There are 2 protein chains.
Amino acid sequence: MANRAKATIFDIAREAGVSKSTVSLVLQGSGLIRPETASKVRKAIEDVGYVYNRGAANLRKAHSNVIGMVINDLTNPFFAELAVGMERVFQSAGIVPFIANTAENPVRQEEVLKSLMEQGVAGLIVSPARGTTPGAFRRIETAGLPVVFAMRRLPESRIPVIAPDNHRGAYLATVHLIGKGHRRLVFFGGSSDLVVYHERLGGFREACQTQGIADRDALVVEGETSRRGGIACLETALAMAEPPTAALCFNDAVAFGAMLALRKRGLEPGVDFAIVGFDDVAEAEHYMPALTSVAVDSAGLGERAAHVMLKMIQSRTTRAEDHIGAVNLVVRESCGPDRRIRNRAVGLGSAA
Amino acid sequence: MANRAKATIFDIAREAGVSKSTVSLVLQGSGLIRPETASKVRKAIEDVGYVYNRGAANLRKAHSNVIGMVINDLTNPFFAELAVGMERVFQSAGIVPFIANTAENPVRQEEVLKSLMEQGVAGLIVSPARGTTPGAFRRIETAGLPVVFAMRRLPESRIPVIAPDNHRGAYLATVHLIGKGHRRLVFFGGSSDLVVYHERLGGFREACQTQGIADRDALVVEGETSRRGGIACLETALAMAEPPTAALCFNDAVAFGAMLALRKRGLEPGVDFAIVGFDDVAEAEHYMPALTSVAVDSAGLGERAAHVMLKMIQSRTTRAEDHIGAVNLVVRESCGPDRRIRNRAVGLGSAA
DNA sequence: TTGATTTATTGGAACGTTCCATTTAGTAGC
DNA sequence: GCTACTAAATGGAACGTTCCAATAAATCAA
């Protein structure tokens with residue numbers, strides 16, 4: 001069976017009574033080898049317990065078959081979905097994606113990127129960590145390695161981006177809320193170090209303006225982009241002299257937090273206060289009440305990002321077009337059952 | 001700045017006016033080099049835009065600094081947590097973990113394992129996909145590569161396992177339900193191709209027996225280990241001639257599904273029917289009602305698995321002791337507010 | 001001054017592949 | 001029987017590192 005020391009193609013060659021070159025050809029599935037010889041070699045490969053050394057091969061070969069995906073928060077199912085979408089595409093292209101988590105830490109991200117490069121990846125798909133410094137990708141760019149950003153972008157970067165249409169999503173959601181009769185709205189969660197925040201907030205503001213909501217009735221409460229952040233945001237909003245009656249939340253986690261906080265105060269989400277989330281994670285559909293949310297199709301964006309990456313690798317370029325994914329508002333119950341909410345919400349709004 | 005072709009240590013050497021060996025020594029942080037020389041070299045490294053080629057280095061060096069983690073379902077936050085726990089440990093050991101997802105697909109798993117091995121990983125931490133064939137790890141074992149299983153085990157394997165005490169967790173949860181006065185119980189979700197299923201079901205059965213519940217009152221409904229599966233299980237259970245009044249669920253997802261289905265039927269989880277989950281994912285705490293669940297500390301298990309792996313690599317062995325992690329029941333609201341449920345539950349039980 | 005010792009640097013031979021240029025056999029054409 | 005070709009297999013030179021043994025330069029002891 002297997003020997004202690006790692007078997008090489010020389011061991012296979014000896015076992016099969018051929019030369020190392022022949023073995024190499026067989027490994028690559030070359031048609032130049034006589035079938036009987038090939039199967040003799042394949043048997044030897046089994047017998048010596050050989051494992052291919054890709055590192056050695058990459059020394060000569062132009063490019064490797066692994067690409068790195070760097071994700072800022074793997075515990076967020078939203079990003080996990082993104083990863084899964086990419087995997088689907090890469091798998092069928094014979095490429096193995098290695099995932100690394102940065103846990104939203106730029107220092108960790110630096111290490112991870114370095115390691116991936118050293119490993120000789122063919123390309124990188126990155127959802128950059130919050131607080132990534134502008135220069136973080138310079139080394140990679142000068143190395144000529146294809147990179148695409150997914151979900152998030154960096155302020156000044158020329159690296160192609162695959163992301164949902166955050167502005168439009170927020171716009172749609174806000175119009176929906178205003179259409180339900182709300183006249184004093186709030187944007188919950190997020191902070192200005194994220195480009196995504198500005199995009200979503202921008203959509204919110206534009207909708208308010210075009211729908212005739214005064215600026216002083218379009219409130220903003222920054223906060224963590226988590227359940228906990230959502231709870232805090234809601235507390236802050238209801239403590240205002242003139243509280244809003246509806247909130248667009250930075251993401252679904254914030255929305256869940258806000259709904260939780262409403263319940264704690266004896267208020268019913270969708271009846272006493274309208275909530276819209278963003279991302280439409282799987283949980284949104286199953287929540288009580290089911291959360292109205294902006295669906296961004298993260299798995300689809302992951303697939304798209306993977307395709308772009310494949311193109312870039314294939315045409316050995318480092319440039320590509322941005323891709324802004326369509327979004328759509330999934331209306332469920334958290335803004336009230338259609339018209340009925342209108343009166344309640346308006347009532348509460350004017351009562352406050 | 002950077003040249004087109006990849007820079008090597010020879011380029012650095014030329015730039016700095018030293019030999020390749022000197023550069024190599026600097027890269028490894030050897031103290032043999034005069035500090036001024038070292039900084040001259042480091043400057044050259046920057047100037048030529050060098051990226052270290054670990055593949056080439058591994059050709060000579062004994063072992064690499066990357067370990068692979070193979071996860072069966074990354075979209076399950078439970079497994080994502082496990083990954084995050086491992087990462088914490090490896091990071092401080094200067095090891096980079098690459099994560100690969102198998103999406104519960106044994107074929108995909110095979111590919112992923114192969115790829116990781118070819119990449120020359122120093123070890124493998126695996127949460128095996130459902131339906132993994134007994135021989136799937138033979139190649140890896142004969143290659144002498146350290147492997148540990150996390151969360152799940154294979155029926156016959158001698159590979160060390162890091163997993164929670166499933167039997168005890170299920171036992172504790174069941175005793176809790178019985179203590180609340182339930183006399184007809186059901187185990188929801190999972191299927192017998194998973195070792196974990198047998199462990200948890202075993203704990204459930206043992207608790208029933210020791211607490212004097214007749215076998216015919218300890219029901220089992222198999223099903224998907226997802227929200228959807230939980231919904232189906234509950235429907236099945238309530239359709240029985242003599243329905244149970246309490247359920248221990250295979251995991252939290254099943255529990256959420258069951259609670260959802262209860263609500264749809266106008267029944268209140270925790271009042272009309274008691275539910276216990278398993279895994280205690282973050283969501284459990286925030287659900288309405290908050291889910292009583294068996295906490296397994298997946299991040300902690302991840303850390304433990306990482307430590308075991310480090311030991312194995314260090315002592316170049318392929319054997320290690322199993323580690324069964326402590327569990328504890330986190331009592332929340334889904335089995336009713338302490339005693340009060342008792343009467344209701346018993347009442348419903350005898351009425352049915 | 002000479003040799004011994006220490007400190008800093010260096011050349012060369014691996015490591016396990018790929019790929020090009022050859023060689024070797026076998027087959028056809030004339 | 002000779003050349004020309006094709007098919008199959010092979011040797012050798014890379015690829016970018018590490019590490020050992022060797023060298024060169026500087027310091028010290030006598």
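In what follows, chains are A, B, ... by sequence order, proteins preceding strands, each numbered from 1. Every value quoted in this text rests on a predicted model; they were computed, and no experiment measured them.
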Can you find a pair of side-chain heavy atoms, one from [X] and one from [Y], that are under 4.5 Å apart?
X: Ile12(B); Y: Glu15(B); result: no
X: Glu111(B); Y: Gln91(A); result: yes
X: Pro164(B); Y: Leu301(B); result: yes
X: Asn53(B); Y: Asn58(A); result: no
X: Arg139(A); Y: Lys114(A); result: no
X: Asn72(A); Y: Met151(A); result: no
X: Phe79(A); Y: Arg152(A); result: yes
X: Ile159(A); Y: Glu141(A); result: yes

Next on the checklist: Measure NZ/Lys20(B) against C1'/dT9(C) and give the value in whole Å, please.
Outcome noted: 11 Å
Checklist entry - Once you round it to whole Å, what is the distance between C1' of dC20(C) and NZ of Lys61(A)? => result 16 Å
Checklist entry - Which pair of non-hydrogen atoms, one from Asp73(A) and one from Thr75(A), has the smallest distance, and what is that distance? => result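 For Asp73(A) versus Thr75(A), the nearest heavy atoms are OD1-OG1, 2.7 Å.
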Next on the checklist: Which heavy atom of Met69(B) sits nearest to which heavy atom of Pro97(B), and what is that distance?
Outcome noted: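 Minimum heavy-atom contact is SD-CB, 3.8 Å.
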Item to check | Stepwise salt bridge (Lys or Arg N to Asp or Glu O under 4.0 Å) check, Lys43(B) with Glu46(B) | outcome: CA-CA 5 Å; Lys43(B) 173 160 184 337; Glu46(B) 279 304 317; over 6 Å; no
Checklist entry - Who pairs with Ser19(A) by side-chain hydrogen bond (donor to acceptor under 3.5 Å, both in side chains), at least two apart in sequence or on another chain? => result Thr22(A)
Checklist entry - If you look at every strand shown and take non-hydrogen atoms under 4.0 Å, does Tyr52(B) touch a base, only sugar-phosphate, or nothing? => result sugar-phosphate
Next on the checklist: What's Thr8(A) touching, base or sugar-phosphate or nothing? Going by heavy atoms closer than 4.0 Å.
Outcome noted: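 Sugar-phosphate contact only - Thr8(A) comes under 4.0 Å of backbone atoms but never of a base.
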Return a table of donor-acceptor pairs under 3.5 angstrom between the side chains of residues 116-126 of chain B and protein atoms on other chains or two or more places apart.
residue, atom, partner, partner atom, Å
Glu118(B), OE1, Arg54(A), NE, 2.8
Glu118(B), OE1, Arg54(A), NH2, 2.3

Strictly under 3.5 Å: I want the nitrogen or oxygen pairs between protein and nucleotides 22-25 of chain C, one per line.
none

Next on the checklist: At 10 degrees resolution, what angle do the end axes of the helix from dT1(C)-dA30(D) to dC30(C)-dG1(D) form when each is taken over five base pairs?
Outcome noted: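 Comparing the first five pairs with the last five, the axes sit 50° apart.
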Item to check | DNA chain C contacts among residues 24-38 of chain A, heavy-atom distance under 4.0 Å | outcome: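 Hits under 4.0 Å, by residue number: Ser24(A), Gln28(A).
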Item to check | Terminal contacting nucleotides, 5' and 3', DNA chain D versus chain B (heavy atom, 4.0 Å) | outcome: dG16(D) to dC19(D)
